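Side chains are part of it too, since the values below use all heavy atoms of this structure and drop only hydrogens, waters and symmetry mates. None of the values given here were measured: they were computed from a predicted structure.
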Amino acid sequence: MAISSIASPPTLQHQCVNFALMFIVAFVEIALAYFPLFFGVSPKLLIAIVFLIAIYDEEQNHFINLIGVGLIYDMMQSAPLGYTSGAMILVNLFGILSRHRLKNVQQSLIWLEYATVMIAVMFYTWICIVVINQGLPAVMPLVFQYSVTVLLFPVMIGIYKLELSLLELMRRLK
Amino acid sequence: MATERKKGRRSGGLFTHLIIFLVCVVLMLAGKADITAMNSLRSMVAGFFTPLAEAVSVPFRALGIMIDGIENVAQLREENNSLKEEVQQLRRWENEVAVLLAENRQLRALSKFPVPEGMNAVSARVIAINADSFAHAVMIDAGAKAGINKGDTVTTMDGLVGMVVEVGEFYAQVLLITDLNAMIPVILSGTSWPAVTAGVNASLLDLRFVPAQAEIKQGELVQTSGHGGLIPAGLPVGKVVQITDQRIRVKPVVDLQRLSFVTVLSWPKENDMPRDDVSDQSYSPLPDDTNSFSLEGINAFGQKVGDAANEEQ
């Protein structure tokens with residue numbers, strides 16, 4: 001899975017597949033909370049998939065996708081509207097900016113970059129919670145949530161490859 | 001190549017990203033203003049997607065139960081031995097309990113134990129648990145149609161779960177007591193000193209605003225005080241598990257990670273909060289005298305003391 005330095009502009013078919021993938025991942029993330037281990041601290045699969053799409057995908061993820069899925073997720077989770085979308089926009093921007101730099105580098109370095117992004121998102125979340133709730137939340141649950149997300153990098157790559165296969169299949173059927 | 005680069009820049013430039021990010025931040029702050037239209041939209045969308053969330057959660061819920069089962073098998077042997085010992089102990093206590101129950105009935109009648117009178121109870125199933133660290137909340141499958149209102153108290157047989165913060169037609173969002181925004185007026189069951197439990201988005205609660213002279217014991221039960229009139233008095237909230245100089249931590253009596261069914265207690269419409277007769281429904285600290293561990297007017301042995309004893313004479 002090679003990274004090209006320039007992403008082409010969005011096309012409808014490709015964006016629909018991206019939206020469907022993010023939508024499913026969002027609901028899987030919500031459902032993961034049924035595991036006692038992940039109660040209230042489900043890994044941020046949605047943010048992870050946005051980062052992978054930003055650096056690997058041949059097309060940029062459209063803003064409507066990011067905002068739409070983010071808002072639905074916030075509404076389902078009683079989070080302030082715009083909180084997830086904001087994180088997704090930032091991660092997407094970060095991914096696009098890193099895209100050129102990550103071309104032809106080892107997978108472990110991409111994993112490191114991914115970890116850095118997750119740490120940034122963790123701080124963003126913490127700041128949002130403090131500002132919106134005007135109180136200090138416990139830090140350890142946040143650290144656990146984002147650590148698990150970082151560890152799940154290979155799984156997220158697998159899920160993303162499935163999307164690529166689906167797109168390839170659609171192209172052949174055309 | 002240059003055109004392609006230009007197109008790429010146009011559709012996903014730094015400036016556009018930042019503008020949209022700012023829009024998201026404004027949206028977040030606007031949400032804090034509790035705008036009715038925004039709340040209705042949120043309720044509508046959440047209601048629309050709830051069946052999908054429930055369907056997706058089915059395999060995960062089953063897997064969660066399976067994992068729980070595997071963990072349980074390992075603990076069963078150990079538990080079995082300790083349970084045998086407990087059975088022996090319980091048989092001895094059974095007789096004592098019968099005596100204490102009779103005593104308790106008499107004491108309740110004497111002390112006008114505050115029971116939430118005139119409240120309606122609705123049973124509901126938990127259909128979605130919050131996955132995010134932002135809010136500790138659950139979604140239940142009963143809403144306005146079942147008579148549930150914003151602010152209603154949610155309990156299980158063990159004790160307090162949280163409060164209803166959002167109501168749709170057929171669902172409601174319940175803010176758990178562990179959430180950062182949940183602050184519950186409580187009393188310490190041993191001494192009736194008032195305090196407030198505050199969630200910190202973790203499994204334990206902080207006990208705050210405890211009077212300096214209060215003596216808190218490890219394992220002491222904390223229950224709702226009824227102050228404010230929103231939550232009825234006498235509902236168990238948790239037990240004190242950690243006392244340090246900096247903070248007192250309380251473990252909720254309800255296992256919030258394994259909620260399946262809850263009871264929603266709501267005031268009838270005509271009795272809508274805030275209630276005038278709150279003072280009758282809530283606890284007050286006991287006087288600091290030699291009988292400090294007894295109910296007002298009655299000592300630990302059920303004998304009348306102070307004014308109550310004088311009146312009798």
Of the backbone (N, CA, C, O) and the side chain (C-beta and beyond), which part of B/I65 lies under 4.5 Å from a heavy atom of chain A, both, or neither? neither
Heavy-atom cut-off 4.5 Å, strictly under: side chain, backbone, both or neither for B/V25 against chain A? neither
Sequence neighbours left out, what passes ring pair (Phe, Tyr, Trp, His ring centres under 6.0 Å) with B/Y171? Give chain and number order. none
In terms of heavy-atom proximity below 4.5 Å to chain A, should B/L175 be classed as side chain, backbone, both, or neither? neither
Show the nearest heavy-atom pair for residues B/L180 and A/P137, with the distance to one decimal. CD1-CA, 3.9 Å
Check each atom of A/L136 against the heavy atoms of chain B and say whether the ones under 4.5 Å are side chain, backbone, both or neither. backbone
Validation row: B/V45, A/M76 side chains within 4.5 angstrom (heavy atoms): no
Answer yes or no: is there a donor N or O on one side and an acceptor on the other, between the side chain of A/Y83 and the main chain of B/C24, under 3.5 Å? no
Could you check whether any side-chain heavy atom of A/I30 comes within less than 4.5 Å of a side-chain heavy atom of B/V56, counting everything from C-beta outward? no
Which class fits the ring pair A/Y124 and B/F21: parallel under 30°, tilted 30 to 60°, perpendicular over 60°? tilted
Engaged part of A/D74 at the chain B interface, taking heavy atoms whose separation is under 4.5 Å: backbone
Applying salt bridge (charged side-chain N to carboxylate O under 4.0 Å, His left out), name anything that partners A/E163, two or more places apart in sequence or on another chain. none
Part of B/Q257 within contact of chain A (heavy atom distance under 4.5 Å): both
Taking side chain as everything from C-beta outward and backbone as N, CA, C, O, which of these in A/F23 sits under 4.5 Å from a heavy atom of chain B? Side chain, backbone, both or neither. side chain
Reported CZ-to-CD1 distance for the pair A/F63 and B/I19, which is rounded to 0.5 angstrom: 10.5 Å
Assign the ring pair A/F27 / B/F49 to parallel, tilted or perpendicular, where the plane angle (0 to 90°) is split at 30° and 60°. tilted
From A/L37 atom CG to B/I67 atom CD1, the distance as rounded to the nearest 0.5 Å: 8.5 Å
Report, as yes or no, whether the 6.0 Å neighbourhood of atom CD on A/E168 holds more than 12 heavy atoms from other residues, nucleotides or ligands. yes
On a heavy-atom basis, the closest approach of B/H136 and A/G40 is NE2-CA, 4.4 Å
Pairwise side-chain contact, B/M28 with A/V131, heavy-atom cut-off 4.5 Å (strictly under): no
Go through the atoms of A/I24 and report whether side chain, backbone, both or neither lie under 4.5 Å from a heavy atom of chain B. neither
So which of A/I72, A/I67, A/T125, A/L142 has the largest heavy-atom pair count under 4.5 angstrom toward chain B? A/I72
